[in-house]
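Nothing here was measured: the structure is a model prediction, and the numbers come from that model. All chains are named by letter (A, B, ...) in the order of the sequence lines, taking the proteins before the strands, and each is independently numbered beginning at 1.
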Protein chains: 2
Amino acid sequence: MVTLAEVAQHAGVSASTVSYVLSGKRSISANTRQRVEQSIRELGYHPNAGARALASSRSNIIALMIPLRTDMYVPVMMEIAIAVATTARTHGYDVLLLTGEEGPDAVRRVTGSGLADGMILMDVELDDERLPLLRDTDQPAVLIGLPADTTGLTCVDLDFKATGALCAEHLATLGHRDVAVIGEAPAVYERHTGFAERTLDGLRSRGRELGLRLLHRPCEGGYDAMAVTLARILDERPGTTGFVVQNESAVEPLLALLRQQGRAVPEDVSVVAICPEQVAVQASVRLTSVAIPAQEMGRHAVEHLVAKLDGRGGDEVVLLAPELTVRASSGPAPAQ
Amino acid sequence: MVTLAEVAQHAGVSASTVSYVLSGKRSISANTRQRVEQSIRELGYHPNAGARALASSRSNIIALMIPLRTDMYVPVMMEIAIAVATTARTHGYDVLLLTGEEGPDAVRRVTGSGLADGMILMDVELDDERLPLLRDTDQPAVLIGLPADTTGLTCVDLDFKATGALCAEHLATLGHRDVAVIGEAPAVYERHTGFAERTLDGLRSRGRELGLRLLHRPCEGGYDAMAVTLARILDERPGTTGFVVQNESAVEPLLALLRQQGRAVPEDVSVVAICPEQVAVQASVRLTSVAIPAQEMGRHAVEHLVAKLDGRGGDEVVLLAPELTVRASSGPAPAQ
DNA sequence: ATAGGTTGTCGAAGCGCTTCGACAGCTTTC
DNA sequence: GAAAGCTGTCGAAGCGCTTCGACAACCTAT
């Protein structure tokens, strides 16, 4: 293993000079710099991460805490995680993957040990048990998701309330009156995950203004659960012509069921989904949808965290504006 | 920040004693141990990760390199990643998330800097460019996937050849003769990802023995691509009654298309999928499938790596035996 | 009773790096 | 032409921990 000292000797300078070449924290003559860089290359030197962390009390690692739940649509998580990892690298950080398994203890462990310089928390609940800890230790952190109380916290999320409103508007404009909302699994609501409730809130308040009759039903993913849910909905509101689907694993089953019942999309029934672009495009009917900008959320989270670590910028809540893309699954409400 | 020295002082012992209490590498009297543990708790001490890594040249971190590709089904990746993270924790390791972005450089960086003690590589290609590096540096590593040359490497994977054979057997036993294989996206084959080719190999060799007529067609995910692929298949082999699907994002489109064409599953046509359990169970028809044991793969990978890091166990190729679960999508071939 | 083992603890060295203060050798300024 | 300011480099201290050898204190066997 090659050390700084060896590089220094090889280049005929002192260790501190090599260090300054590497960090750029003091000016170094072009000549010296080149000699040092040359030696680094020749010897294949890589700074030792541990030593660096010890001496500088900076690990250049960001911890990413992802939840360990099975009732959430995972691809979105993955997309965010990958966006976080790649963005972090462009800022010189690596990413440590923590699962919800450990819960709040993970926050303590990482904070206490200096393993990571800051953390990003995904799938934050309205009243998340990790938040008090975060505030206490004033560990630099960014949340993806929106808790009830955001004081002293930096959060990034899609504006789900606006998302709900957007869906309501779209369907109302097309003349739909009876609209069913296929929500996330019941567990998601019980856990008070903010985004599900906020979407509903947006749908309801804008829906009311526009004279929509909304019927909200949580739904586990999958074909069977969707069949039951749909039956109940049509039983209760036979005149339903619009659907807003938030649970992605209910999308395809819904389309299949509607087809099976002879309800044509979009002629008889319109469907709006809240899901990643890819899902909307690959579905059996190209879906009118509001995209969940996973990549953007991951990128934003990292960039805010890095800013904090650099002492720039403070607490802030960033809500990304939703965008609705009209595709083939929505159209004018059928004449009565 | 509380240091070892402070704990030592508080407990009235020397620093080394505290260290030995923590590591258990020397015997400590019950009395002293308790005093030290008490102090640790009272002061809320957490060992500094950097200092530890520097002194012991062990970071207690495992690097997990996941590919950054969009043509692979991501949920499986996610499942593996989570399994890796949780298993690693039970062995006292944390997980560093690397994306394929950096490519082989990431291997160099991590190896050189001592950031991680070992690595797990996912989505290994038959002739992966990271492998020479791995062998050179003899960085402890475990691959998930199977390269062409496994000498000096430890690999964990589903036995895809046996998987293919199993699917062939199942359909042959049911009396099917013309079987179409819906493969992964063409890019996957071009890249020579082992698992796709091995599955095909298993299907072909066992299929030949059993007198199956196989038609293999790569397929991008999604409805449109599947529609084109299916049309070509049925054009070429109108008598096709069996389907083996390896690309999960083609499963639901295929079912929808078959339904649409009035081909009943499983009465007219049988479908066998190679996919995670969850997908098989949630599909619009409960799918006969060979499960991809993502969790198990992740767990195995970590356990082998940890064994290596402890100096136990050597190189080894572990192929998990596939299991085919019969569900509602396969049945006897229709009478001619 | 004495040599030889154990057991439990300590002190000190050192892991590879960052960073601070010092300072030699310049250039600028009045 | 002396005072003041830059620039570029160095030496040394120290980050918090692990680990090795040393060594008291005690316990066996002979």
Side-chain angles (χ1 to χ4, degrees), chain A residues 1-37 39-40 43-61 92 94 109-117 309, chain B residues 1-37 39-40 43-61 92 109-117 309-310:
Chain A
M1 189 196 201
V2 188
T3 71
L4 225 202
E6 292 171 314
V7 173
Q9 193 175 6
H10 187 272
V13 298
S14 76
S16 46
T17 300
V18 177
S19 177
Y20 287 123
V21 167
L22 249 29
S23 69
K25 291 192 178 170
R26 284 204 183 171
S27 57
I28 297 287
S29 69
N31 187 335
T32 308
R33 185 201 317 291
Q34 277 164 25
R35 272 213 327 284
V36 170
E37 281 166 354
S39 298
I40 289 178
L43 300 179
Y45 168 72
H46 283 272
N48 178 316
R52 214 167 221 201
L54 177 56
S56 65
S57 17
R58 292 291 237 98
S59 65
N60 283 301
I61 290 179
D94 272 296
R109 193 167 59 84
V110 169
T111 305
S113 66
L115 228 189
D117 297 332
L309 293 175
Chain B
M1 188 196 200
V2 189
T3 69
L4 224 202
E6 291 171 314
V7 173
Q9 191 173 9
H10 187 272
V13 298
S14 76
S16 46
T17 301
V18 177
S19 177
Y20 286 124
V21 167
L22 249 30
S23 70
K25 291 192 179 170
R26 285 202 181 171
S27 57
I28 297 286
S29 69
N31 188 337
T32 308
R33 185 201 318 291
Q34 277 164 25
R35 274 215 325 286
V36 170
E37 280 165 354
S39 298
I40 288 177
L43 300 179
Y45 168 72
H46 283 273
N48 178 316
R52 218 167 216 199
L54 177 55
S56 65
S57 9
R58 292 289 238 101
S59 64
N60 283 302
I61 290 179
R109 193 167 58 85
V110 169
T111 304
S113 66
L115 227 189
D117 296 333
L309 293 175
D310 292 353

Using a cut-off of 4.0 Å on non-hydrogen atoms, how would the nucleic acid contact of [X] be classed: base, sugar-phosphate, or nothing?
X       : value
A:Leu4  : base
B:Thr3  : sugar-phosphate
A:Ser16 : base
A:Ser19 : base

I'd like to know if the side chain of A:Ser59 and the backbone of A:Leu115 have a donor-acceptor N/O pair within less than 3.5 Å.
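Looks like yes, one N/O pair under 3.5 Å.
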Are the side chain of A:Arg26 and the backbone of A:Tyr20 linked by a donor-acceptor contact shorter than 3.5 Å?
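Side chain of A:Arg26 to backbone of A:Tyr20: no pair is present.
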Under the criterion side-chain contact (heavy atoms from CB on, under 4.5 Å), I'd like the reasoning laid out for B:Asn48 against B:Thr3: C-alpha separation, chi angles, the key distance, then a yes or no.
CA-CA 8 Å; B:Asn48 178 316; B:Thr3 69; over 6 Å; no
Over 12 non-hydrogen atoms of neighbours within 6.0 angstrom of CD in B:Gln9:
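No.
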Which nucleotide span of DNA chain D, 5' end to 3' end, has atoms closer than 4.0 Å to non-hydrogen atoms of chain B?
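Here the contact window of chain B covers D:dG16 to D:dA22.
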Decide yes or no on side-chain contact (heavy atoms from CB on, under 4.5 Å) for A:Thr17 and A:Arg35, but give the supporting numbers first.
CA-CA 11 Å; A:Thr17 300; A:Arg35 272 213 327 284; over 6 Å; no
Comparing B:Tyr20 and A:His46 on DNA chain C - which has the more 5′ nearest nucleotide
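Going by which nucleotide is closer to the 5' end, it is B:Tyr20.
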Starting at the 5' end of DNA chain C and moving along, which residue's nearest nucleotide shows up first, B:Thr17 or B:Leu54?
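Counting from the 5' end, the first nearest nucleotide belongs to B:Thr17.
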Once rounded to the nearest 0.5 Å, what's the spacing between atom CG of B:Asn60 and atom CZ of B:Arg52?
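Taking CG in B:Asn60 and CZ in B:Arg52, the distance rounds to 7.0 Å.
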